[in-house]
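Single-structure report; data block below.
Heavy atoms only: backbone and side chains are in, while hydrogens, waters and symmetry mates are out. Everything quoted here is computed from the prediction, not taken from an experiment. All chains are named by letter (A, B, ...) in the order of the sequence lines, taking the proteins before the strands, and each is independently numbered beginning at 1.
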Amino acid sequence: MIAIQIKKTLDSPAGPMVLDLDLELKKNQIIAFYGASGTGKTSALRILAGLLQPDKGSIQVEGQVWFQSNPKVFSLRPQERNIGFVFQDYALFPNMTVLENLEFAASQGKNVNLDHLLELTELGDLAHKKPKTLSGGQQQRVARARALAQRPKILLLDEPLSALDESIRRKLQFCVLEAHKEYQLTTILVSHNKEEIIKLSDWAIQLKEGKVVQQGAPINLFSSKKIPEKFKVSGEILDFTQKDNVVEVQLLVQDHVFKMEIEQKKADSLRVGDQIVLASNDFRPKLYKK
Amino acid sequence: MIWDTLLLTLQLALVTTFFLLLVSIPLASWLAQSKSKVKPIVETLVSMPLVLPPTVIGFYFLVAFSPGNAFGNWLNEWFGIKLVFSFPGLVLASILYSLPFMVHPIQSGLAAVSPSLKEAAYLMGKSKRETLVKVLLPNIRPALLTGMVLSFAHTIGEFGVVLMIGGNIPGVTKVASIAIYDEVEALNYQAANQYAAVLFVATFCILFLVYLINGRYFKTFWK
């Protein structure tokens with residue numbers, strides 16, 4: 001278990017902000033931090049990794065003290081925390097090939113099967129290429145493989161899939177789950193994509209201005225309790241077309257675009273780009289394989 | 001005679017560049033990441049040779065290390081080290097004089113490397129030293145090359161400092177720039193021209209090579 005009780009004053013665009021965390025995170029779970037930009041999500045990861053020192057508080061991991069400010073300030077060096085960290089910019093070493101990046105991370109006397117890791121992350125063909133020559137998705141895979149090569153107990157992912165397009169993102173989400181199970185990790189990720197959080201995480205924590213505003217199983221956090229209908233999907237309004245007495249609205253749900261008619265009065269309260277929920281009790285869908 | 005002097009100049013430039021590299025890497029690395037209050041003082045001291053007349057450095061060096069003074073005398077008596085009018089003295093003064101030319105490019109190079117590279121290496125359990133040698137320095141090769149070549153070329157071109165400390169002892173401290181001055185004073189323009197032409201061509205070639213390499217004209221070399 002990871003017990004974090006810390007306070008840290010951060011500089012945010014709106015002025016100084018206190019990151020105030022009091023959390024107990026369970027072992028072998030995937031935990032997601034979410035919230036608007038500048039709420040301290042990345043700082044929370046950096047504090048856990050030892051790259052940023054809290055002003056006060058304590059961090060204990062499996063009973064071992066990683067940080068404490070009382071009675072004397074003690075901070076375990078990042079080198080001794082055995083944390084795998086996938087940075088937002090991936091932080092691949094440009095002077096090394098893919099394989100050398102992995103070897104550098106693994107060279108600590110640990111018996112790591114790099115061939116298996118390359119296979120798991122589908123990087124076998126790219127082993128001798130330099131990171132600069134790879135696409136964004138490939139670089140993300142190298143960064144994750146490199147983090148796993150050091151056999152960490154905790155894997156931290158800072159917006160791991162935000163820069164990638166939808167199809168690659170889906171595939172990599174599956175890979176994150178697979179590696180999490182195989183390497184028996186405690187994975188903590190930062191994301192602002194609700195779909196990703198629901199798919200991946202066991203526990204989600206929402207931060208607002210440095211404070212935890214709610215936490216729980218994502219399915220409970222994101223289900224709209226105010227809408228009574230049983231069947232709900234979220235989407236976005238793309239366009240409106242005026243038709244006699246009604247308005248035809250074009251919607252994007254997942255990656256499907258379709259049209260539906262709504263009353264003029266309802267349309268007046270909506271704008272293009274609004275996030276909406278489609279709800280129905282009359283749920284009789286047909287199922288197609290993609 | 002001309003070749004002895006040029007060889008001595010080359011020797012001084014090479015030895016100075018080598019020791020400068022050893023000194024400047026830790027110093028530039030500290031300057032690139034330090035938030036210490038003494039950092040502006042150190043930065044000022046490192047940059048001073050850029051604006052200070054070389055004779056000022058030479059003068060204080062001469063005063064400090066002259067066997068006629070306490071410190072110079074102590075060095076001479078206890079360690080047998082005589083820095084004034086000697087080759088080691090020239091090297092030491094050249095290191096001080098060319099320090100900004102090596103430190104500045106390395107410092108800028110290190111500051112431009114994404115901090116996440118260093119952090120990633122630390123999280124892999126790597127020490128600061130291993131991170132510097134295996135991750136940071138290989139990624140600032142153009143900055144290292146620039147620093148080495150500028151220091152080398154600047155040492156070849158120095159005049160005031162070497163004249164003050166080294167004097168004009170053939171085969172020991174008489175470098176090319178001093179030889180040119182010497183020959184002109186003796187109205188021996190042909191010999192002066194030989195030295196000057198060699199320095200002119202050599203300096204052009206060195207700097208041209210740096211611009212070629214750092215301008216990525218030799219792509220395969222840096223790949």
Heavy-atom neighbours of F19(B) CZ exceed 12 at 6.0 Å: no
Under 3.5 Å donor-acceptor, E119(B) side chain and P78(A) backbone: no
Considering all heavy atoms, the nearest F93(A)-L117(B) contact: CE2-O, 3.4 Å
Greater than 12 external heavy atoms within 6.0 Å of F74(A)'s CZ: yes
Chain A contact via K134(B) - which portion, at a heavy-atom distance below 4.5 Å: both
Minimum heavy-atom distance K126(B)-Q79(A), with the two atoms named: O-NE2, 2.9 Å
Greater than 12 external heavy atoms within 6.0 Å of E119(A)'s CD: no
Atom CZ of F159(B): over 12 foreign heavy atoms under 6.0 Å: yes
N95(A) backbone acceptor or donor facing N139(B) side chain under 3.5 Å: yes
All pairs passing side chain to side chain donor-acceptor pair (under 3.5 Å) where residues 102-114 of chain B contributes a residue, at least two apart: D89(A)-S114(B), E43(B)-Q107(B), S47(B)-H104(B), S114(B)-S116(B)
Portion of R146(A) that has a non-hydrogen atom of chain B nearer than 4.5 angstrom: side chain
